[in-house]
Every structure is written in structure tokens, then in C-alpha cells.
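Below, chain A is the first sequence line, B the second, and so on; all start at residue 1.
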Protein chains: 2
Amino acid sequence: MFKPTTIKDIAKALNLSTSTVSRALRGGYEISEETKKIVLEYAEKVNFKRNPIALSLKERRSYSIGVIVCEVANQFFSQAIDGIESVAYSKGYHVIISQTHDSYEREVINVEHLANRSVDGLLVSLSAETKDYSHLEKLHDQGLPIVFFDRILNSMNTHKVSSNNFKGAFEATEFLISKGCKRIAHLANASQLSITAERQKGYEEALRQHHIPIDKELIKYCKHGGRDQIEVEIAVREFLSHDNPPDAIFVASDRLSTGCLSTMKKYATHHHDILVAGFSNSELVELLNPSLSYIRQPAFEMGEKAAEMLISIIESKYPIEEFESIMLDTTLHPNGA
Amino acid sequence: MFKPTTIKDIAKALNLSTSTVSRALRGGYEISEETKKIVLEYAEKVNFKRNPIALSLKERRSYSIGVIVCEVANQFFSQAIDGIESVAYSKGYHVIISQTHDSYEREVINVEHLANRSVDGLLVSLSAETKDYSHLEKLHDQGLPIVFFDRILNSMNTHKVSSNNFKGAFEATEFLISKGCKRIAHLANASQLSITAERQKGYEEALRQHHIPIDKELIKYCKHGGRDQIEVEIAVREFLSHDNPPDAIFVASDRLSTGCLSTMKKYATHHHDILVAGFSNSELVELLNPSLSYIRQPAFEMGEKAAEMLISIIESKYPIEEFESIMLDTTLHPNGA
DNA sequence: AACAATTACGGCATCGATGCCGGCATCGAT
DNA sequence: ATCGATGCCGGCATCGATGCCGTAATTGTT
């Protein structure tokens, strides 16, 4: 069996009390230099590591933060996680990652699991399916620090980090217009997500400013966030088979963008006539065919910011009253014909 | 502050002892139906959740398993993690993911962190840089269950899950030969990795069987696993600028495959003359240009198997003597001209 | 020399949940 | 009526580390 050395083992071996050993190892004040040296050397020798579980129990904190994302395979989130980890590690926190796969039930289970395991706080990007937020609100009311990033919950009073979705969508749509497109479809994520509304507004505003009518038949939502490829296929094929088909598609997220391209390659004989622009943080975008103009979010920085904010709440001595909402800029990368 | 209800709170509220409450909530034997009902109802009412930290301390186990991978952004690993999670969740275990980014130091830090946090076992895929295995051997000797997957450590006596790298590499190379390629380069991972040796053997055996000489100048290793894109670029550009350049490249891993294509697109004017085949579990492969013939590993199944094996060790009442090595088949997906 | 002050360490309770053991009460049996 | 059996529950130690408090021994002060 796996039995690490404890402070008690050291105390017994050196004929000291556990208190003395503990203080020799930590603060060290009130302990003679001589004893300290003996203890430190012996601890080193037997490869002593203090048990963080015992500490968590006593101190009511674990020095770990939980992260809730839909999936780590999505490059936006894996980049954000890298940002989160870089900040967390430098401040002595461990990161526990949990995937919802855009399922509401998984989100509830994972959130409760992490809360029970005494994470000191939660970084949350909502699942596409989530419409009921009571599992999060309950914990927030109990005092658990929560910071949202990307897919935020506006109604909760806490820190939030997002990118400028309106502007990103606006620029992408305007780019398509500048390329001469007149009928621009919009493939959107689940309608209850914050990012969906913001990006749709950007899309519609760009059309409006360029006097292009908004056609509701050219806007389709994927309510499971494209968790199943088939969901995306159906939507895109409806666009393609429209009486008056679009000459461009603006896609609202990473997974949908690639799903859209796959479908086009599979079914559209003349897919080079349709321009596609979408949100994507994939590192492979430049290699794609059909090509994709893409809006990139500063995922790493968003992760950093979110982690910094969460840790500042965790370590704050007084309850926070004033919460911040940070918005970072996206960048447009034009591509293709 | 965040203070969940404890068993003690319930005991006080109902004027019972903590032992009684505990037994009422759990086994329930020796407790009258009446008391049980009262306790259960009250616990439900105040949303009681037992504290897993306290349990971990007492029971010396956490019902969580640690996973060490180089990076979750790599689709092979994110798929493997999905497999791990599906098994772990169904057996009541939580999964803690840790990324090494193919750095040896990060691997050591993360392994020790997880061991300290009392994971019940570890699923490990080695970092590309790792040559010294003492951090893992020490824990294994202390009795911590460890199962390797993909990038395994042959010298350690434990369960292992891998794919048939030899066969996969052999088939890919043979495919390139069948397309008429005569000078086939090999872009490999760090030389100390198990997968590197196995794949190189498959590559060389295919050449041998088809009477193609093995040219050591056409084999290049990326000792950081392509962590920096520049590492891949240098290797590929050396291939391209060779006096007698290759007409095909067989690439040994996911990240290297995409890095190779990027470099070719960037620097090779006639890159369509060079066929590329490589290991990749990316879902975007079919959309890539230049196109990539790819060998796919059953990542999800590998994760499942590895998790099942680890949990079987953890839950075994007697020390395991006989360890298994499982090997799963890959599939070749031809593409391009 | 007598007392205060400081040094250096041990004892003990604590965090939350569990389980052994011990005890009280009620019931049935002889 | 007395004893054993059983049902039902509380007390207490335990897991590892910490920190308050108590205390012995040594040093310093007048």
C-alpha cells in the first residue's frame, strides 16, 4: 500500500512532539536552530511531503481552482486553460479541469463535484444547453467565488471576462460584405448563450449599416453547440438547399466553423462560391480547404485574466462588492478568394 | 465565507449524536426507521453533502485518478481523456488532468503534485523530454498504482496500453511506396519515446521489404515533440533543401503532422509533389490542404482500457503480480493524389 | 538570592466523517 | 422475578497538520 511519511513518523523517529516537528518545518520560530536542522535534514532524508488533504480539511481551502468548460479538444478552451494554468501555478494554485460536453446534466454534476471537493473557486464557461442556473447561483449565494469567461451569465453579480463578440462579428460580416456578398447566412450557437446574442447583434448591425435586409431564414441555431455533427449538417444543408441560397456564411463558433466546412465539402458541389467567416482559435485554420476567414479570440489572455480575478476574490479579506467585466479585442484574419 | 452543512450541524439540530446521523445517512443498520427518516429528510432540506476531503483523510483514498499527458489540445489525448472519463465516472472516480507540455520539469512537478493530493492512481503518457524516470519509479515502488498509455515506459512492471505503432507505421509507409514514392523521409518524435522507436521500426521494415535503402539523412527527430513550431520547421526545411529531396514524408505524430504541412505550405513551392502520411487523430484532417493520409489510433478505446486497468489495480485486494500489455489496432486513411 | 522574563518544547483540541465499543432500555424466556 | 438478548444510540479515537496554551528550564535583573 501507498503510505507516505507523516509528521508523526518524524516525531517518533526523532523523539520529539508533532508540534515541534511541524513548527520546525514551517515557521520555525520558537524552535532552536539545532532542532530545526535535525528535523529538516531528517525530513529531507525520508522524502517527507505534507499531506494537502489534511491541510484542506483544517484550513477549509485546497489551493485548487475548478474550471468548467464544454470540451478541452476545442482549441479556444485549451488555450484558455493554458492561460489559467500559467497564472494559477505561479500563485500556488492547482487547476482541476472538468468537461461538460455542452450537456446541462454534466455541468450540474461537475459543478457540484468540484464544489464538494473544496475547490476554492470556480472558473465557468457555460454549457450550450444550460438554461437553468440555480446550481451555480446556490453556490454563489453560499459564498463560493465564481468567475465567468467567454460564455458568461449576465444575471450573476461577479467578475466576468469575455471578448468583444459584437465587434468581432461586426467586422467579420463587414468583411464578407466588402467581398461583394449580398446574402450572408448566420450559423449560430445555442440561443441562450451570451456569446450567441452578442455575435448575432454584431452580424445584424453590419447588415443594417450596409442596407442589407435581415432574413430570419438565414439564421440558424445549434442548440447543443454542435455537439453532434449532424446538428450542424442539417443547418448547413438547409442553407445550401434554400431557393435563394446564401453567398456567404458567418459562423459563430469554432466547432461550428469546422463542422460547416466539412458539410460544405461533403455536399456543396460549388462550395468555392460561398465565402465562410467564423470564430475559430484552431491552429490549423490556415491549412483548411475550403478556406476560412476567421475571428480569433485572445484565449490565453482571457484565461489569465479570469484566473487573476478569481484568485483575487479568493484571497480577498473582505467580501467583494464591486465586480468587473473585462472585454478583450478579437482579431480578424481574412482568407481565401 | 463558504461553509457547507456538516454532519455535526445536523446532529445538533436534531439533538442526536454525530454517529447516529452518520449511520442514518449511510448504512442505516442499527438505526430505527423513524430516526432514519427524520435525518434523511432534514439532510435533504439543508442540502447536506458529505465532505470528501474528510473522507479522503480518513480512508486514505480520494476516488480520483490523475492523468498526465503532454497537452489536451492534442486531439489524440483529448479523445483518450474522454475515454478515461467515461470509465472513471461510471465507477465513481473523478479525473484530474495535468499537462506537461512535453517538458520534463513540468512532468516531475505535476506527478508529485498529484501523488501528494492523494490520487488513488496515475495514468501516464510520458513527456517527450523525459529520460529520467525516477520520479515515477519512486512512487511505483511506494505502491502507487500506475498505468501507462501511448507513450509507455517498458522498463516499469505495470499495465500498459498502446496502439500497434509498428503496424501503423508499416502500413503508412507501404501506402506511400504503393503510390510510387521512392525516397521517403521520416519526421520522428523524441528518440527516447517508446512510440518513436516502434514507428521507426515499422517505417524501416516497410522500406526493407520493398528494397528501398534506408537513408539516415532522411530521418529527423524532434526532441521536444514539436512543442515549438520552429523545431518542426527546421527539420522539414532540411528535408526540402536536400540535394536529393524526398518525394514523401512519413510523420510520427499529430502535432508533427500538422507542423509539417504548415511548413510545406509556407516554404515549398511545389509541395503537391510531396506526399505526406502521418499519425493524426485530428477531426479536421479531411479538410487539410496539402492533404494528409493519416493513421488513426483508437484513442477513446485506449483511454477506456487504461482507466479500467488502473481501477482494477486500485480496487484489487491483493498486490498484482501479473501485468498486462494491451495493443490496439490503428487504421489507415489514404488521401490525396 | 529571589523573582521575572525568555527560550524551547509538549499536550491537546480542531477540521468532518466513520466505526468500534459500551451502555441503557425494553422485551421475551425460563 | 431474574437473566440474556436484542434494538438503538452516544462516546471516543482516528486520519495529518496546525496553533494555542501550558510549562519546564535557563537566563537576566536588582
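Using a 4.0 Å cut-off, no side-chain N or O of Thr35(A) falls inside it from OP1 or OP2 of dA8(C).
Distance Leu55(A) CG to dG16(D) P: 13 Å, rounded to the nearest Å. Remark: C1' of dC15(C) and CZ of Arg50(B) are 17 Å apart, rounded to the nearest angstrom. As rounded to whole Å, 9 Å separates atom P of dA17(C) from atom NZ of Lys8(B). Rounded to whole Å, atom P of dT18(D) lies 8 Å from atom CD of Glu59(A). The distance between atom CG of Leu25(A) and atom C1' of dG19(D), rounded to the nearest whole Å, is 15 Å. Spacing between atom CD1 of Ile10(B) and atom P of dC9(D) amounts to 16 Å, rounded to whole angstrom units. Atom CZ in Arg61(A) sits about 15 Å away from atom P in dT18(D), given to the nearest Å. Here the P atom of nucleotide dC15(D) and the CG atom of Leu57(B) are 9 Å apart, to the nearest Å.
When side chains are defined from C-beta on, Ile314(A) counts as touching Ile65(A), because their heavy atoms get closer than 4.5 Å. Within the 4.5 Å cutoff, the side chain of Lys36(A) has heavy atoms near those of the Glu33(A) side chain. Here the side chains of Val21(B) and Leu14(B) are not in contact, with every heavy-atom distance at 4.5 Å or above.
His140(B) meets the ring pair (Phe, Tyr, Trp, His ring centres under 6.0 Å) test with no other residue; sequence neighbours excluded.
Of the candidates dA17(D), dC8(D), dG16(C), dC8(D) carries the atom nearest the Ser32(B) side chain, counting heavy atoms from C-beta on.
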5'-to-3' dot-bracket of DNA chain C (Watson-Crick, G-U; under 3.5 angstrom; crossing pairs as [ ]; | other strand): ||||||||||||||||||||||||||||||
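No engagement by Ser56(A) is indicated, since no non-hydrogen atom pair under 4.0 Å with the nucleic acid exists. Lys49(B) comes within 4.0 angstrom of sugar-phosphate atoms only, judged by non-hydrogen atoms across all strands, and of no base. Within the nucleic acid shown, Ile31(A) comes within 4.0 Å of sugar-phosphate atoms alone, with no base atom in reach, counting heavy atoms only.
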Quick one: which protein N/O atoms are closer than 3.5 Å to N/O atoms of nucleotides 10-14 of chain C? Pair and distance per line, please.
residue	atom	partner	partner atom	Å
dG10(C)	OP1	Ser17(A)	N	3.3
dG10(C)	OP2	Ser17(A)	N	2.9
dG10(C)	OP2	Ser17(A)	OG	2.8
dG10(C)	OP2	Thr20(A)	OG1	2.1
dG10(C)	N7	Arg23(A)	NH2	3.4
dG11(C)	N7	Ser19(A)	OG	3.3
dG11(C)	O6	Ser19(A)	OG	3.0
dT14(C)	O2	Lys58(A)	NZ	2.9

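Note that OG of Ser125(A) and CZ of Arg151(A) are 5.0 Å apart. Values are rounded to the nearest 0.5 Å.
Side chain of Asp102(B) to backbone of Ala128(B): a donor-acceptor contact under 3.5 angstrom is found.
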Pair Glu315(B)-Lys91(B), salt bridge (charged side-chain N to carboxylate O under 4.0 Å, His left out): steps then yes or no: CA-CA 11 Å; Glu315(B) 298 188 340; Lys91(B) 303 209 174 186; 6.0 Å; no
Using the side-chain hydrogen bond (donor to acceptor under 3.5 Å, both in side chains) rule, take Glu112(A) and His135(A) through it: C-alpha gap first, then chi angles, then the decisive distance, then the call. CA-CA 8 Å; Glu112(A) 303 215 320; His135(A) 54 300; over 6 Å; no
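Each of Arg61(A), Arg60(A), His94(A) was compared with Asp120(A) under the side chain to side chain contact (heavy atoms under 4.5 Å, CB included) criterion, and only Arg61(A) meets it.
Comparing Glu33(B) and Thr5(A) by the nucleotide of DNA chain D whose heavy atom lies nearest to each, the residue mapping closer to the 5' end is Glu33(B).
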